[in-house]
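Values below: all heavy atoms of this structure, side chains included; hydrogens, waters and symmetry mates excluded. Lettering of chains follows the sequences in order, A, B, ..., and the numbering in each one begins at 1.
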Number of protein chains: 2
Amino acid sequence: MGVPLYRTKAEFFRTLGHPARIRILELLSERDHAVHELLEQIAIEPSNLSQQLAVLRRTSLVVSRREGTAVVYSISAPEVRDLLMSARRILVGLAESRSDFEDELVVSPLAPDRAAG
Amino acid sequence: MGVPLYRTKAEFFRTLGHPARIRILELLSERDHAVHELLEQIAIEPSNLSQQLAVLRRTSLVVSRREGTAVVYSISAPEVRDLLMSARRILVGLAESRSDFEDELVVSPLAPDRAAG
DNA sequence: TCACGACATGAATACTTCTTCAATTGCTGT
DNA sequence: ACAGCAATTGAAGAAGTATTCATGTCGTGA
């Protein structure tokens, strides 16, 4: 146990900090996908996808197996699904409180037109 | 709603992807803290702490208020606490499955004593 | 109002991480 | 064994993020 947990956590979150990797994890948390299937869903170059998959493999978040001509990926920690959902909940909450606030501005006594952000 | 959710999620996780910011959120999820209190707990330079707090403020994860001479921070989304805990669970799980595998290697026929993780 | 302590900001340099390209490996069918 | 598709790798330049230093702001108490 040389590395403090908050450091490991930060590293973990950084791994999640890329749109393509989020998409990959979302897709894999539904079911296993071959690389070419991921490629259909995510609009990036094959080699870029491979790079992102490599990042996820390094942190053991996903594992791959070869099935004939295809390589199939699956998620190692199904709990990631909950994590993504709970992130969504937080984001929706933050977005709401921000637009609530904008509403309040608009609802002031003699409020002139105030463009929405 | 111009920005796809997976992009926003990635951005969100990137803001969590720094040891100091994780520490800050952990501390704030227990109770509000003044900047000088955070400074006592986290071993970084004051101006660096300010920078990290600024990052968290930009994403509305924390808010600050002035109290006399001090500036007090609090967390906007208490659910962040759950998120951090569920991240911990995933990390522990991944770490265990990795060392299980190492154990298997060690657990050959004449397995010697096995130290607990 | 002046000086001081508590924080924040801007800007520069040093790192990391992204994206893309060219080259490579591993199967499958012939 | 070879052609051809699927996926990966390494490397290089572009883009983004971290850390630090010098400076600026905002209250408080003398």
Side-chain angles (χ1 to χ4, degrees), chain A residues 3-4 6-25 27-28 31-76, chain B residues 3-4 6-25 27-28 31-76:
Chain A
V3 184
Y6 59 85
R7 213 166 244 294
T8 312
K9 270 186 206 162
E11 214 174 301
F12 170 69
F13 284 125
R14 247 185 293 125
T15 309
L16 299 185
H18 188 290
R21 296 197 293 264
I22 293 286
R23 288 304 319 282
I24 293 169
L25 291 172
L27 290 167
L28 293 186
R31 60 169 180 80
D32 293 2
H33 280 71
V35 173
H36 68 268
E37 291 175 315
L38 293 172
L39 215 39
E40 279 167 21
Q41 305 293 321
I42 309 175
I44 59 178
E45 297 208 4
S47 76
N48 194 352
L49 178 58
S50 260
Q51 299 277 10
Q52 305 308 337
L53 287 169
V55 172
L56 294 173
R57 258 184 290 127
R58 257 173 246 138
T59 58
S60 306
L61 270 171
V62 304
V63 294
S64 66
R65 62 178 184 279
R66 183 173 274 276
E67 270 180 20
T69 178
V71 176
V72 177
Y73 277 81
S74 51
I75 204 161
S76 328
Chain B
V3 185
Y6 60 85
R7 213 166 244 295
T8 313
K9 272 187 202 161
E11 213 175 301
F12 170 69
F13 285 125
R14 247 184 294 123
T15 57
L16 300 185
H18 188 289
R21 296 197 290 264
I22 292 286
R23 292 287 286 126
I24 293 169
L25 291 172
L27 291 167
L28 294 186
R31 61 170 180 78
D32 293 2
H33 281 71
V35 174
H36 67 267
E37 292 175 314
L38 293 173
L39 215 38
E40 280 166 19
Q41 306 291 322
I42 309 175
I44 58 178
E45 297 207 5
S47 75
N48 195 351
L49 178 58
S50 260
Q51 299 276 13
Q52 305 308 337
L53 287 170
V55 172
L56 294 173
R57 255 184 292 127
R58 257 173 247 138
T59 58
S60 307
L61 270 170
V62 305
V63 293
S64 66
R65 62 178 183 278
R66 182 172 275 277
E67 269 181 19
T69 179
V71 175
V72 177
Y73 277 81
S74 50
I75 205 161
S76 328

Rounded to whole Å, please give me the gap between [atom1] in [X] and [atom2] in [N].
{"X": "Arg58(A)", "N": "dT9(D)", "atom1": "CZ", "atom2": "C1'", "value": "11 Å"}
{"X": "Leu39(B)", "N": "dA8(C)", "atom1": "CG", "atom2": "P", "value": "11 Å"}
{"X": "Glu11(A)", "N": "dA18(D)", "atom1": "CD", "atom2": "P", "value": "14 Å"}
{"X": "Ile42(A)", "N": "dT19(C)", "atom1": "CD1", "atom2": "P", "value": "12 Å"}
{"X": "Leu56(A)", "N": "dT17(C)", "atom1": "CG", "atom2": "C1'", "value": "14 Å"}
{"X": "Glu45(A)", "N": "dA22(C)", "atom1": "CD", "atom2": "C1'", "value": "12 Å"}
{"X": "Ile44(B)", "N": "dA8(C)", "atom1": "CD1", "atom2": "C1'", "value": "14 Å"}
{"X": "Glu37(B)", "N": "dC7(C)", "atom1": "CD", "atom2": "C1'", "value": "14 Å"}

Looking at [atom1] of [X] and [atom2] of [Y], how far apart are the two atoms once the value is rounded to the nearest 0.5 Å?
{"X": "Ile22(A)", "Y": "Lys9(B)", "atom1": "CD1", "atom2": "NZ", "result": "6.5 Å"}
{"X": "Leu16(A)", "Y": "Leu61(A)", "atom1": "CG", "atom2": "CG", "result": "6.5 Å"}
{"X": "Tyr6(B)", "Y": "Glu11(B)", "atom1": "OH", "atom2": "CD", "result": "13.0 Å"}

From the list [options], which nucleotide is the closest neighbour of the side chain of [X]?
{"X": "Leu53(A)", "options": "dT17(D), dT8(D), dA8(C)", "answer": "dT8(D)"}
{"X": "Ala70(A)", "options": "dT8(D), dA8(C), dA7(D)", "answer": "dA7(D)"}
{"X": "His36(A)", "options": "dA7(D), dT19(D), dA8(C)", "answer": "dA7(D)"}
{"X": "Ser50(B)", "options": "dT20(D), dT20(C), dA8(C)", "answer": "dA8(C)"}
{"X": "His18(A)", "options": "dT8(D), dT17(C), dT19(C)", "answer": "dT19(C)"}

By nearest-nucleotide position on DNA chain C, the 5'-leaning member of Asn48(A) and Arg14(A) is Arg14(A)
Of all heavy-atom pairs linking Pro19(A) and Ala10(B), the shortest is N-CB, 3.4 Å
Scanning both residues in full, the closest heavy-atom pair of Glu37(B) with His33(B) reads OE1-CA, 3.2 Å
Examine [N]: is either OP1 or OP2 under 4.0 Å from a nitrogen or oxygen in the side chain of [X]? Give yes or no.
{"X": "Arg21(B)", "N": "dT17(D)", "value": "no"}
{"X": "Tyr73(A)", "N": "dT8(D)", "value": "yes"}
{"X": "Gln52(B)", "N": "dT19(D)", "value": "yes"}

Tabulated below should be each protein N or O lying under 3.5 Å from an N or O of nucleotides 24-30 of chain D; please produce it.
none

Q.
Run Val63(B) and Ser74(B) through side chain to side chain contact (heavy atoms under 4.5 Å, CB included) and show every step you take.
A. CA-CA 6 Å; Val63(B) 293; Ser74(B) 50; 3.6 Å; yes
Pairs of donor and acceptor atoms involving the side chains of residues 38-53 of chain B, under 3.5 Å and at least two apart or interchain, shall be tabulated with distances.
from     : atom 1 : to       : atom 2 : distance (Å)
Asn48(B) : OD1    : Gln52(B) : NE2    : 3.0
Gln52(B) : OE1    : Arg21(B) : NH1    : 2.7

Could you pull out the protein-nucleic contacts involving nucleotides 10-13 of chain D (nitrogen or oxygen on both sides, under 3.5 Å)?
from    : atom 1 : to       : atom 2 : distance (Å)
dG10(D) : O6     : Gln51(A) : NE2    : 2.9
dA11(D) : N6     : Gln51(A) : NE2    : 3.3

Those residues at least two apart in sequence (or on a different chain) that pass salt bridge (charged side-chain N to carboxylate O under 4.0 Å, His left out) with Glu67(B) are Arg65(B)
For Arg57(A), the side chain to side chain donor-acceptor pair (under 3.5 Å) test, sequence neighbours excluded, returns Tyr73(A)
Sorted by chain and number, sequence neighbours left out, ring pair (Phe, Tyr, Trp, His ring centres under 6.0 Å) with Phe12(B) holds for none
